[in-house]
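Below is one structure, written out as C-alpha cells; comments come after it.
The chain is numbered in sequence order, starting from 1. Ligands are counted one by one from 1 in listed order, and the atoms in each one are counted from 1 as well. Everything quoted here is computed from the prediction, not taken from an experiment.
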Amino acid sequence: MTNVLNPARLRPKKLRLGVNIDHVATIRNARGGGHPDPARAAEIVAQAGGDGITLHLREDRRHIVDADLQRVADATGLPINLEMAATDEMLAIALRHKPHAACIVPEKREERTTEGGLDAAGLHNQLAPIVGRLTDAGIRVSLFIAPEPRQIEAAMKLGAPVVELHTGEYAHASGEQVAVELKRIADMSALAAKNGIEPHAGHGLTYENVQPIAAIPQLAELNIGHYLIGEAIFCGLEASVKKMRALMDEVR
Ligand code: PXP
C-alpha cells in the first residue's frame, strides 16, 4: 500500500542540532582559568533543545583540551560528536573516550578554522584503517567533505555511514552564487542519502543563512558553533540555541 497521501510521510524527519562549544573554551583559555566552563555550556545546550555536543580537539589544543572531553561527557546526557584529524594521536583519544560519533576533519596548524573539506578520495589509504578502527569500536564515523560527487563516492568506498557537507562556500557566497552553492549541497545530500549515507552539514551557519540548508529534506543534522557562541554573548546561550532550533524547525 502506498503512503503518498499521508502528510506525515511527506514531511522530512526532525533535523538534529549539534552545538559546537569549542569557542566557550577559546574564551576560557584567553585567561587560562576555568571560566567560562564548556561543561556548563553543554548542560545549557541540552536544556535549550540541542541534540548533541560537538567538540574539536585540535592538535594544538587551542580551544578544547583533553580533560574537557570527559568533563563535558559527564555533564550532559547528550551524544558527543568528536571532530578529529586523521592521526594516530586522535584515534587513540577517540578509542579511549568512545564518543557517540567521530567526524574526521582536515586540519592545518596555521588555519583559523577548518577551511576546506577532507580529501576522502585522495586519502583513502590513510583513512581506511582509521574508519575501520572507529567503526569496530562502535563509534559512528562521519567525514567532513566538500559537497562534491567524488567525495561522496570516496565516503562510500570507505564505508562511512555519515558525511558532513562543508557549508563554508555557501555561507561565504554572495549574489547568484548563493543559489549555486545551495544546489550543490542539496544535490550532494540527495546523492549521499540515495547511497545509504546519512548527510549532515555545517560550517559558517547563522540565523540568516540556516533555513535554506535546514529545508534540504535528506539532511539529518546540522553542526553549528561559532555563530551560536558569538550570539550567546548578547542574548545568552540558551536563547541563541533556542532561536536556531526554532528557525530550523520552522522549515521542517
Ligand atoms: N562542522 C565541522 C566539521 C567543523 O569543523 C566546524 C567548525 O569547527 C563546524 C561544523 C562548525 O562551524 P561553525 O563554527 O562555523 O559553526
Side-chain angles (χ1 to χ4, degrees), residues 15-27 29 38 41 45 50-65 68-69 72 79-87 90 94 99-120 127 130 134 139-147 151 155 160 162-173 181 185 188-189 192 198-211 213-214 219-233 237 240-241 243-245 247-248:
L15 181 60
R16 297 192 300 271
L17 171 60
V19 179
N20 181 320
I21 58 171
D22 289 337
H23 295 302
V24 175
T26 305
I27 298 170
N29 298 352
V45 168
D51 301 290
I53 299 294
T54 293
L55 302 167
H56 185 178
L57 186 68
R58 278 184 168 265
E59 185 194 9
D60 63 8
R61 309 300 197 268
R62 73 175 71 156
H63 28 66
I64 296 295
V65 297
D68 289 322
L69 293 181
V72 168
I80 304 289
N81 172 33
L82 175 66
E83 292 179 1
M84 54 176 271
T87 63
M90 289 302 150
H100 165 74
C103 179
I104 305 179
V105 301
E107 198 174 297
K108 291 190 227 104
R109 194 175 276 245
E110 64 282 4
E111 71 190 352
R112 263 197 231 162
T113 179
T114 313
E115 275 160 11
L118 187 72
D119 182 12
L127 294 172
I130 297 180
L134 291 168
I139 301 168
R140 189 200 66 192
V141 178
S142 150
L143 305 175
F144 188 43
I145 57 171
Q151 299 298 349
V162 174
V163 291
E164 182 167 326
L165 301 173
H166 198 307
T167 50
E169 299 277 332
Y170 161 78
H172 296 132
E181 295 300 335
I185 296 161
M188 291 310 106
S189 298
E198 182 175 285
H200 298 180
H203 202 92
L205 296 176
T206 67
Y207 295 154
E208 285 71 35
N209 66 19
V210 75
Q211 286 196 320
I213 295 289
L219 286 176
E221 179 175 309
L222 301 184
N223 282 296
I224 309 182
H226 183 266
Y227 186 83
L228 287 176
I229 305 305
E231 274 298 297
I233 292 170
L237 185 57
S240 74
V241 172
K243 181 161 178 187
M244 189 62 84
R245 167 88 273 156
L247 288 167
M248 288 162 54

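Of all protein heavy atoms, the one closest to atom 11 (C) of ligand 1 is N223 O, 3.8 Å. Given atom 15 (O) of ligand 1, the protein heavy atom at minimum distance is G204 N, 2.8 Å. Scanning all protein heavy atoms for the shortest distance to atom 2 (C) of ligand 1 gives E83 OE2, 2.9 Å. For atom 14 (O) of ligand 1, the closest non-hydrogen atom of the protein is H226 N, 2.8 Å. In terms of protein heavy-atom proximity, atom 16 (O) of ligand 1 is nearest to G225 N, 2.8 Å. Considering only non-hydrogen protein atoms, atom 7 (C) of ligand 1 sits nearest to H203 ND1, 3.8 Å.
Atom CG in D51 sits 12.0 Å away from atom CG in N81 (nearest 0.5 Å). Interatomic distance, OG1 of T26 versus CD1 of I229, reported as 9.0 Å (0.5 Å rounding).
T54 and N20 form no side-chain donor-acceptor contact under 3.5 Å, judged by distance and modelled atom types alone.
Residue contacts with ligand 1 for E164 involve side-chain atoms from C-beta outward but no N, CA, C or O (heavy atoms, distance under 4.0 Å). Looking at H23 against ligand 1, nothing comes within 4.0 Å, counting heavy atoms.
Nearest heavy-atom pair across G204 and A171 is O-CB, 3.3 Å. Considering every non-hydrogen atom in both L205 and Y227, the closest pair reads O-CB, 3.4 Å. When all heavy atoms are compared, the tightest approach of E107 to E59 is OE2-N, 2.7 Å.
The aromatic rings of F144 and H166 sit parallel to each other, their planes meeting at less than 30°, with 60° as the upper class boundary.
Annotation: E221, atom CD; neighbour count of heavy atoms from other residues, nucleotides and ligands within 6.0 Å is above 12.
Close approach of ligand 1 to F144 is summarised as follows: ligand atoms under 4.0 Å from at least one heavy atom of the residue are 2 (C), 3 (C), 5 (O). Close approach to V105 involves these atoms of ligand 1, each under 4.0 Å from a residue heavy atom: 3 (C). Remark: ligand 1 atoms within the under-4.0 Å shell around heavy atoms of N20 are 8 (O).
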